[in-house]
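All remarks here apply to the structure that follows.
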Amino acid sequence: MIRRVLIANRGEIALRVIRACRTAGIGTVAVYSDADAAAPHVHAADTAVRIGPAPAAESYLDVGALIDAARRTGADAVHPGYGFLSERAHFARAVEEAGLVFIGPTADSITRLGSKTGARTLMEAAGVPVVPGAAPEDQSDAALTAAATALGVPLLVKPASGGGGIGMKTVRHLDELATALPQARREAQAAFGNPRLYLERLVERPRHIEVQIFADASGETVHLFERECSAQRRHQKVVEETPSPAVTPSVRAKIGAAAVTAARTVGYRNAGTVEFLLEGDGDEARFYFLEINTRLQVEHPITECVVGVDLVRAQLAVAGGEPLPWRQADLTQRGHALECRIYAEDPAQGFLPQAGTLLRYREPHGPGIRVDSGVVEGGAVSVYYDPMLAKLITWGETRTESVARAREALSRFEILGVRTNLPFLMAILDHPDFIAGRIDTGFLGRELDALIADPGGLPPAVAAAAAFHASRGPAAGVAPVGGATTPAADPFDTLRGWRA
Amino acid sequence: MSRRYRVIHEATEMTADTGGDGVVVVDGRRFHVAETSTGQYRVTGDDGASMLVAVAGPPHETWTTAAGRARACVVDAAPKRAATGRAAASDMTAPMPATVVKVAVAIGERVAAGAPVVVLEAMKMELTVRAARDGVVRAIGCAVGDLVKPGVRLVEIDA
C-alpha cells in the first residue's frame, strides 16, 4: 500500500499523477526547479520540494536530489511521469535501493528493453514479428546478394553497428546491390569502424501503431488495445487516436496478443507500450515489433477515454502490490478518442520553441472534451523544458464525431503571449487524408508546406476588437502619440516577455 | 468618446475609429463590438457575420486570437483626421520598440518621398520606415542592431 508519492516530473503529467493520487487517497510530493517555483504542479501537491536550478540536468534529472526529497518528505513511492528519468534504469534502481517503490517496471526490465537490438532479438525468439532482416556471417557480395534475394525488395542496407540513418542505402532492384554494398561498407567502416552490413526489408508508408499493456506483480498481463500515432513530425507525435482507422478486428486481436507476449517475454510490470510498424491494409496488414516504451505515454488519455479506465490510478494500485483491476475479457473499446498536442512553437520558423508569458490562456470545455495541461494564464513558458502546453483529448461515438469535436475545441482555445501550433493542428484535422484516415508516418512531412501555410493578414473584424480593447480603461488604453507615457505603460518595462 | 487608432500587423496598417456605443469602423467597414467576458469580444459586421475575438497584452504588443489563430499587432493612437497629412508613420520615428535591421540610406543621399529609409523588426514583423518628403538625408539616428524606443527619430531629411 502506497501512502505518499513523490512525482519526479513537472507540467501536465505531474498534475495528472497528483489528481490520480488524490482520488486514491494517496499523499503527494511535488518537486520543482527555480524556473517552476510558481508552477501549477507545485500548488497542486500536498508538499513541494525545491530540487535545484532551472536546467533539467541540475534539477529534474538529479537522481540524488530526488531521492533526498523523497526521504525528507516521507514519500514511500516515486512516479517518474514520462520524459526526464522515466526510462533511465539507474533511476529506477536508485529508487529501489532507497527502499522506495518505483511506479513502473523494474530497473532490470528497463535495461533489457533499453537496447533496441537486444529487445529485437528477445522478441524474435519469442515469436513476436519483427521487420524481416538478415546479417549474414559471410559478408561477401555474393552472400549478401543471396540474403537480399531471399528477403526481397525494397530493402535497406544498414551498417550492422551504428544508427541515425548514417550509411543507410535504399535498394529497390537487386541489381543496385552491386554499387550499394561496397558504398555502404565504406561508409560503415568510416562512420562506425565496422564494415559489417545488415539487410532489412523496407517497410513503405508504415503506420505507427502501439499497444497499451499492463501487468501486475503476479505476472497477469493484459493489453488495452492500440493507439494510432502515425501523425508525427520528425518522430515527434502530434495527433494520436484510438481505435486506429487501419486496424481491423482480426489484426487488433493479433497485435494485442503479440503485445502481451512481448510483455510476458521480459516479465514486464506496470504500464508499458509496445510499438509496432503496420504495413498494408485490412485483414492482410502485417505488423512488426519496434520497441517497448517502459513508461506511461503522453497519449495515454485516449486509451482511458475509449476503454473507460484510469491508467495512472491502476499504476498506483499495481505498484502497491494489488492485482490488476481488470481481466482481459472486461476490457472493451467504446467510441473513438483523439489527442492533439498543443505546443508553444512557431511552425513558420521550423517549429522553434517559444517562450514568454501567457497573457491569456483559456481552455475549451464541453461534452467529450478533456484538456490535460500544466500551465495557467499569467504563467511563464520557459525555454528550459519541453514546450508542450496542453493536450486536447476528445471523445466521440464515432471517429467523425471526435475529430469534429477536436476541430471545434481547437478553434476555441485562447492562447496569447506565445505562438502555438494550434493552426497547424487545425490544418491537420482539415486535411482530406487525415479525415479519410489515410495516414502513415510520412504524412506530416509530405504535407508540411500545406499544413503550415498561413493565410496571413489581420481580418478587419479582429482589428476592430483590438482597437475596441485599447479604447477600454487605462490598463488597456493607449497614450496618444507624442503624449506623456505613464511608467507602467513604458514598453521597456515589459521587455522581459518580448522577443526581439 | 470617439478615438482613432492605427492597427499595424506585419506590413499592413488599418485605421480604426472607436465610438462609445461599441461601433468600430475599420478602413470604412463598420463593426459592432460587444465584450462577452473580460478580454473577449463578439465582433459583428454589417453583413451579420460575427466572430469571437480574444485580446490581451499592452498596445505595442497586442495579441489577438480568433478561430484558433493568434496574431500579434500594434495598436497605436492615431492623430485626428485633420492631422492625417503628417501621420506618425511618415515622421520617420519608430512606432514601437523595435530592432533596426536595415538602414537603407546614407548621410548626404538624396531621397524621394516614400522611399524606404529604415527597416525595423519587432515581434518578428518587419516594418519599413519611409522618407516623409523629397530631400537630402541630414542625419541618421540609428544603426543596424539598435533597439529603438517609440518616438525616436530615425532619419532626418532636409527639404
Side-chain angles (χ1 to χ4, degrees), chain A residues 346 348-349 356-362 377 407-420 422-423 425-426 454-472 475-483 485 488-495 497-500, chain B residues 1 3 5 7 9-10 12 14 16-18 22 24-27 29 31 33 35 39-41 43-45 49-73 75-79 88 95-99 121-124 147 149-151:
Chain A
D346 187 358
Q349 289 190 91
T357 299
L358 289 170
L359 299 172
R360 185 178 179 90
Y361 177 81
R362 305 289 162 101
E377 186 166 299
R407 181 63 182 80
E408 192 272 342
L410 287 170
S411 75
R412 278 194 290 132
F413 243 107
E414 296 178 351
I415 306 176
L416 299 180
V418 293
R419 279 163 206 261
T420 71
L422 281 170
L425 292 169
M426 294 190 292
D454 183 350
L458 191 72
V462 175
F468 187 79
H469 181 77
S471 73
R472 315 286 309 266
V478 182
V481 168
T485 313
D490 186 324
F492 277 72
D493 290 341
T494 61
L495 268 181
W498 186 76
R499 300 179 314 278
Chain B
M1 191 188 87
R3 296 182 81 164
Y5 296 89
V7 180
H9 173 73
E10 290 168 1
T12 65
M14 286 177 269
D17 291 302
T18 61
V24 181
V25 178
V26 179
D27 287 349
R29 287 179 61 183
F31 296 94
V33 183
E35 190 165 29
Q40 192 196 58
Y41 305 92
V43 183
T44 310
S50 117
M51 65 163 84
L52 278 176
V53 184
V55 187
H60 61 86
E61 190 184 351
T62 297
W63 285 77
T64 66
T65 185
R69 195 174 278 277
R71 296 177 184 87
C73 61
V75 182
D76 204 357
M96 61 187 126
T99 307
E121 187 196 87
M123 291 150 51
K124 294 170 191 153
L147 188 60
K149 287 195 178 201

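The sequence lines fix the lettering, A, B, ..., with proteins before strands; numbering per chain opens at 1.
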Which heavy atom of [X] sits nearest to which heavy atom of [Y], and what is that distance?
| X | Y | answer |
| --- | --- | --- |
| A:L416 | B:W63 | CD1-O, 3.4 Å |
| A:P459 | B:R71 | CD-NH1, 3.7 Å |
| B:G57 | A:L359 | CA-CD1, 3.7 Å |
| B:G68 | A:L422 | O-CB, 3.6 Å |
| B:T64 | A:V462 | OG1-CG1, 3.4 Å |
| A:A461 | B:V53 | O-CG2, 4.5 Å |

Quiz item: So which of B:A70, B:A67, B:A16 has the largest heavy-atom pair count under 4.5 angstrom toward chain A?
Solution: B:A67

Exercise. Under 4.5 Å, counting heavy-atom pairs only, tell me which of B:A54, B:A49, B:G22 racks up the most with chain A.
Key: B:A54

Among [options], who wins on heavy-atom pairs under 4.5 Å with chain B?
| options | value |
| --- | --- |
| A:P455, A:A464, A:G456, A:A348 | A:A464 |
| A:R360, A:M426, A:E408, A:R362 | A:R360 |
| A:P423, A:A463, A:P460 | A:P460 |

Quiz item: Side chain, backbone, both or neither: which part of A:L458 has a non-hydrogen atom closer than 4.5 Å to chain B?
Solution: both

Self-check item: Contact class of A:I415 relative to chain B, heavy atoms under 4.5 angstrom
Solution: backbone

Contact origin within [X] toward chain A - heavy atom pairs under 4.5 Å:
| X | result |
| --- | --- |
| B:T12 | neither |
| B:V26 | side chain |
| B:R29 | side chain |

Practice problem: Find the distance between CD (A:E414) and CG (B:L52) and round it off to the nearest 0.5 Å. | Solution: 7.5 Å

